[in-house]
Number of protein chains: 4
Amino acid sequence: MMPRLKEVTYAARREHILRAAVECFARQGFARTRMEDIATAADIAKGALYTYFASKDDLFLTIYEAWGCALDESIQKQIDQLAPTERASPRHRLHALIVATGRHVQGDSVTCRVLMEGRALAAYTPTIARHVHAQQEQSLAQIEELIRQGRAQGEWPPQTDCRLQAQIIQAAIHGLMAQWHLIPGNFSWDEAAYTLAFTIV
Amino acid sequence: MMPRLKEVTYAARREHILRAAVECFARQGFARTRMEDIATAADIAKGALYTYFASKDDLFLTIYEAWGCALDESIQKQIDQLAPTERASPRHRLHALIVATGRHVQGDSVTCRVLMEGRALAAYTPTIARHVHAQQEQSLAQIEELIRQGRAQGEWPPQTDCRLQAQIIQAAIHGLMAQWHLIPGNFSWDEAAYTLAFTIV
Amino acid sequence: MMPRLKEVTYAARREHILRAAVECFARQGFARTRMEDIATAADIAKGALYTYFASKDDLFLTIYEAWGCALDESIQKQIDQLAPTERASPRHRLHALIVATGRHVQGDSVTCRVLMEGRALAAYTPTIARHVHAQQEQSLAQIEELIRQGRAQGEWPPQTDCRLQAQIIQAAIHGLMAQWHLIPGNFSWDEAAYTLAFTIV
Amino acid sequence: MMPRLKEVTYAARREHILRAAVECFARQGFARTRMEDIATAADIAKGALYTYFASKDDLFLTIYEAWGCALDESIQKQIDQLAPTERASPRHRLHALIVATGRHVQGDSVTCRVLMEGRALAAYTPTIARHVHAQQEQSLAQIEELIRQGRAQGEWPPQTDCRLQAQIIQAAIHGLMAQWHLIPGNFSWDEAAYTLAFTIV
DNA sequence: TATGAATGAGAGTTCATTCAT
DNA sequence: GATGAATGAACTCTCATTCAT
């Protein structure tokens with residue numbers, strides 16, 4: 001059981017550092033955040049960071065991934081909480097997806113900033129790029145599937161390119177996140193979710 | 001004539017450096033690009049950069065602004081080239097706007113990368129933030145006005161919040177740009193433009 | 001005991017760097033000394049300097065202050081070592097002050113150079129200026145007080161302006177230091193001290 | 001006569017540049033003054049400076065020498081203006097020398113700053129060092145001669161070391177200049193001159 | 001002669017990472 | 001494991017001087 005104890009401690013410290021890093025990255029951006037800042041925020045020594053994370057990039061990446069997982073969970077939860085009638089409707093499920101995203105962004109706007117910077121960094125950091133692509137693709141597939149089902153159920157008029165429509169919706173969601181990142185509170189997520197889910201043909 | 005010649009030379013050299021900088025920023029990102037890289041790419045001495053630009057930030061900002069201006073021109077030209085019947089239709093004008101943006105992104109995908117990074121940097125660099133905000137707001141106003149006119153002409157069903165709808169469309173456009181930046185050629189801009197302009201209620 | 005050991009090490013390294021810096025400043029002057037020169041002289045890496053000193057200015061200032069403090073101590077010691085009869089005489093105390101200054105200059109002519117440059121820099125560097133002024137004023141007050149006491153005891157004929165006389169004596173001392181800095185060994189400090197203290201009416 | 005005309009123009013421009021340089025050096029110090037600053041102050045192009053002066057050091061040196069010459073002239077004039085009775089007295093001539101120095105310092109405190117910095121730089125710049133030494137020695141000889149004459153005439157009690165006394169007086173004068181440089185107006189030059197010339201045994 | 005753009009060798013300073021303790 | 005001093009490459013920006021025009 002000692003390994004277990006160790007693991008708990010290890011995981012807890014990792015988590016602790018991660019939280020400190022998120023705060024720093026969100027406040028100052030990746031480039032302007034020094035490892036020392038993170039260490040100070042986490043109240044540990046600079047060198048100890050390297051016990052838990054291989055590098056600054058690794059730290060960033062871990063945050064990036066964690067956000068994606070948490071968002072996926074939020075979305076799933078939101079969908080699960082739908083009333084049975086609504087859960088049967090792809091449009092309602094899409095709505096739930098966007099609402100959950102909005103809640104996530106609002107509830108953890110700090111991490112959202114990190115995410116936004118991640119997308120920009122992606123282009124120059126192969127390691128990050130892979131993750132961004134994967135996440136992107138997965139999310140796109142989910143939306144596309146919803147649309148496909150919605151058409152099958154007659155909720156959406158048939159159109160040739162399901163994927164394109166999904167891409168536009170995904171693009172809109174990301175664009176809104178970017179806007180929120182730039183000017184938090186600039187619009188109502190709930191109204192945007194409603195518009196996106198129910199008034200896009 | 002000499003001052004004129006000088007003027008030309010000055011502007012030409014500025015332009016030359018700018019092109020070199022765009023290339024570097026697009027390839028390596030802002031943070032990883034050293035002034036020396038730009039100087040080498042432009043085939044001049046490091047110090048000479050500072051004759052034309054006050055700082056690395058200035059260089060970046062100039063590129064950022066130039067892109068915005070060029071895009072505005074492209075859009076205007078695209079709208080002007082519409083047949084009279086179409087030009088009278090806000091929906092067609094919106095379509096032209098998106099098409100022009102797509103062409104711009106495709107034609108100068110290199111600069112587009114720089115733009116994308118600019119949006120991410122904006123949050124941490126007040127100088128850049130101001131420009132991004134201004135550009136954002138101006139573009140939003142344009143779209144909003146198109147929608148307002150479209151509704152007045154019965155092209156769109158009336159909805160309470162013109163601004164929100166404009167924001168969503170703008171978000172979608174930016175999201176698509178970001179996707180293109182990530183995976184160029186991932187979708188068809190023209191089809192996306194058509195879908196965005198004509199099938200969004 | 002460990003913290004104490006660390007403390008000692010820290011102070012020792014600081015002292016070590018300081019000595020290296022003094023040597024460099026004295027040999028090349030402040031402006032021509034590069035941080036790298038100091039690091040090389042101290043046999044450490046350039047970056048390590050910044051663990052002990054915030055900047056090149058800080059380094060200089062520290063030396064400047066240290067010299068002043070050490071001089072004050074030397075003077076005090078010299079006065080304390082006077083025979084009781086002499087210690088009662090302000091003129092002898094003034095003599096001791098000048099002698100101590102001379103010894104200090106001769107014993108650490110290297111640092112003296114740094115001091116001289118400090119006075120010249122003072123006019124253009126507010127931070128240094130403050131320290132120079134303060135030191136100057138303190139030293140002046142000390143001399144003035146000696147003269148005042150000397151007059152009270154009838155060692156000096158009464159004159160209206162004690163401060164002016166003190167200023168002249170101080171000026172002479174500084175002027176002699178400057179000469180020594182220019183051509184070390186150009187005169188005898190002890191004779192100069194005697195002349196200044198005992199033959200100035 | 002053309003060479004003559006040229007010479008006039010040349011000398012005038014030199015003078016013009018010199019004045020600009022003095023102003024800059026006095027305001028910012030030697031190290032912080034850029035050649036461009038001087039060119040701007042003189043309202044000519046940077047490159048033109050090198051037509052008149054070989055280097056920044058040369059510029060400085062020229063100013064330094066000019067000050068010394070002008071001071072010598074001022075002193076000579078002051079002595080020449082003494083009433084015949086006074087002119088016969090070495091003490092009065094010494095007084096005139098100090099008064100003239102004071103007037104010079106006050107009247108051209110701007111150049112005085114440059115002089116002060118020159119003495120500090122002297123130690124690290126052989127070219128400057130030579131000039132400083134020469135000037136110093138000449139001035140010292142003059143004072144020494146005055147004292148020697150004064151003793152011969154019975155104005156000063158005989159003392160073994162004329163040179164030392166001269167050195168102290170010279171040191172005092174320089175020290176006072178340094179003080180004035182630091183805090184202009186901190187004392188009365190005329191009173192200091194009187195004290196130095198008439199109450200020092 | 002005058003110009004001022006170009007040069008390019010540094011300057012001080014920062015900071016991710018390492019490693020002896 | 002934890003520490004934090006040390007490292008040293010890299011960074012942006014400066015500026016005396018040169019030289020083609």
Side-chain angles (χ1 to χ4, degrees), chain A residues 6 9-10 13 30-40 42-59, chain B residues 2-3 5-6 9-10 13-14 17 31-40 42-59, chain C residues 2-3 5-6 9-10 13-14 17 31-40 42-59, chain D residues 6 9-10 13 30-40 42-59:
Chain A
K6 258 188 189 169
T9 303
Y10 182 83
R13 295 227 174 182
F30 181 78
R32 297 189 187 195
T33 297
R34 295 172 301 137
M35 290 301 265
E36 176 126 40
D37 294 337
I38 298 171
T40 303
D43 200 30
I44 61 167
K46 225 188 324 179
L49 293 176
Y50 291 85
T51 305
Y52 299 94
F53 299 92
S55 68
K56 201 181 168 189
D57 275 12
D58 181 26
L59 214 29
Chain B
M2 220 162 92
L5 183 65
K6 263 186 191 168
T9 301
Y10 181 84
R13 299 230 168 181
R14 237 182 103 94
I17 291 169
R32 297 189 186 195
T33 298
R34 295 172 302 137
M35 289 304 263
E36 179 126 39
D37 294 336
I38 298 172
T40 302
D43 197 33
I44 58 168
K46 216 183 348 173
L49 293 177
Y50 292 87
T51 305
Y52 298 95
F53 299 93
S55 67
K56 201 182 170 188
D57 275 14
D58 183 25
L59 213 31
Chain C
M2 249 220 8
L5 183 65
K6 263 185 191 168
T9 301
Y10 181 85
R13 298 231 169 181
R14 237 181 103 94
I17 292 170
R32 297 189 187 195
T33 298
R34 295 171 303 137
M35 289 303 264
E36 178 127 38
D37 294 337
I38 298 171
T40 303
D43 198 32
I44 58 168
K46 214 179 356 167
L49 293 177
Y50 292 86
T51 305
Y52 299 94
F53 300 93
S55 67
K56 201 183 170 187
D57 275 14
D58 183 25
L59 214 30
Chain D
K6 257 188 190 168
T9 303
Y10 182 84
R13 295 226 173 185
F30 181 78
R32 297 189 186 194
T33 297
R34 296 172 301 137
M35 290 301 265
E36 176 126 39
D37 294 337
I38 298 171
T40 303
D43 199 32
I44 60 167
K46 225 189 324 180
L49 293 177
Y50 291 85
T51 305
Y52 298 95
F53 298 93
S55 67
K56 201 182 168 188
D57 275 12
D58 181 26
L59 215 28

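Only a predicted model underlies this, so the values are computations on that prediction, with no experimental measurement involved. Numbered from 1 within each chain, the chains take letters A, B, ... in sequence-line order.
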B:Y52 side chain near E:dA6 phosphate (N/O to OP1/OP2, under 4.0 Å): yes
Phosphate contact (F:dA6 OP1 or OP2) by C:R13 side-chain N/O below 4.0 Å: yes
Nearest-Å distance, [atom1] ([X]) to [atom2] ([N])?
X	N	atom1	atom2	value
B:R14	E:dA6	CZ	C1'	17 Å
B:D58	F:dT12	CG	P	14 Å
C:F53	E:dT13	CZ	P	13 Å
D:Y10	E:dT1	OH	P	8 Å
A:E36	F:dA5	CD	P	9 Å
A:M35	F:dG4	CE	P	16 Å
A:D37	E:dT14	CG	P	13 Å
A:I38	F:dG4	CD1	C1'	16 Å

Between the protein and nucleotides 7-9 of chain E, are there any N/O to N/O pairs under 3.5 Å, and if so, what are the atom names and distances?
from	atom 1	to	atom 2	distance (Å)
E:dT7	OP2	B:A45	N	2.7

Test salt bridge (Lys or Arg N to Asp or Glu O under 4.0 Å) applied to D:R34 - qualifying residues, sequence neighbours left out: D:D37
Partners passing salt bridge (Lys or Arg N to Asp or Glu O under 4.0 Å) against C:K46 (at least two apart in sequence or in another chain): C:E36
Distance, nearest 0.5 Å, that separates CZ of C:R13 from CD1 of C:I44: 8.0 Å
Minimum-distance nucleotide (side-chain atoms of C:Y50 versus E:dG12, E:dA16, F:dG1): E:dG12
Nearest-nucleotide pick for C:S55, side chain only, options being E:dC15, F:dC13, E:dT13: E:dT13
Minimum heavy-atom distance between A:A31 and B:A31, given as atom pair plus value: CB-CB, 4.5 Å
Sugar-phosphate only, base, or nothing, as touched by D:T40 at under 4.0 Å among non-hydrogen atoms: nothing
Intra- and inter-strand pairs of DNA chain E in dot-bracket (Watson-Crick or G-U wobble, both distances under 3.5 Å; | for another strand): .||||||||||||||||||||
Any residue meeting side-chain hydrogen bond (donor to acceptor under 3.5 Å, both in side chains) with C:R14, in chain and number order, not counting sequence neighbours: none
Tabulate below the donor-acceptor pairs under 3.5 Å that side-chain atoms of residues 49-57 of chain A make, not counting sequence neighbours, or state none.
from	atom 1	to	atom 2	distance (Å)
A:T51	OG1	A:A48	O	3.3
A:S55	OG	A:D57	N	3.3
A:S55	OG	A:D58	N	3.2
A:K56	NZ	A:F30	O	3.0
A:K56	NZ	A:T33	O	2.8

